[in-house]
Amino acid sequence: MTPSTTPPREVAGIRCERTPDGGCHVEVRCILHTDRRVVDIARQVRNEVKGAVTACLAQHRTVVPVLVTVTVTRTV
């Protein structure tokens, strides 16, 4: 395969970085079981991650905007 035809890697993981406005952007990539509705699980993951990050920041008396992006890379 050439680089242009290589399929994207289907990986799971979490990445966090600061945004230009001083906020926090968390990217969650996950693989789900096919017996669950992808949109429901993605929303649940987004809400739980945002709540956890916000709570952690609050413990350190840091209040910044938190953006969570959830991408489902594959279902099995």
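Only heavy atoms go into these numbers, but all of them, side chains included; no hydrogens, no water, no symmetry mates. In this chain, numbering begins with 1 at the start of the sequence shown.
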Original post:
In terms of side-chain geometry, is the basic nitrogen of E48 or R46 positioned less than 4.0 Å from the acidic oxygen of its partner?
Top reply: no

Original post:
For V49, which of V66, T69, V28 qualifies under side-chain contact (heavy atoms from CB on, under 4.5 Å)?
Top reply: V28

Side chains of [X] and [Y]: does their closest heavy-atom pair fall under 4.5 Å?
X: E27; Y: V70; value: no
X: R74; Y: V76; value: yes
X: K50; Y: T54; value: yes
X: C16; Y: C24; value: yes

Original post:
Do you reckon L57 sits in the same ILVMFWY cluster as L67, going by side-chain contacts under 4.5 Å, direct or chained?
Top reply: no

Original post:
Under a single-linkage definition using a 4.5 Å side-chain heavy-atom cutoff for Ile, Leu, Val, Met, Phe, Trp and Tyr, are I31 and I14 assigned to the same hydrophobic cluster?
Top reply: no

Subject >> Donor-acceptor pair between H33 and T75 side chains, under 3.5 angstrom >> reply: no

Original post:
Do you know which two heavy atoms are closest between P65 and D21, and how far apart they sit?
Top reply: CG-OD2, 4.1 Å

Subject >> Separation of Q44 CD from R36 CZ (nearest 0.5 Å) >> reply: 6.5 Å

**OP:** Measure from the side-chain N and O atoms of T73 to the backbone N and O of R29, and report whether any donor-acceptor pair falls under 3.5 Å.
**Re:** no

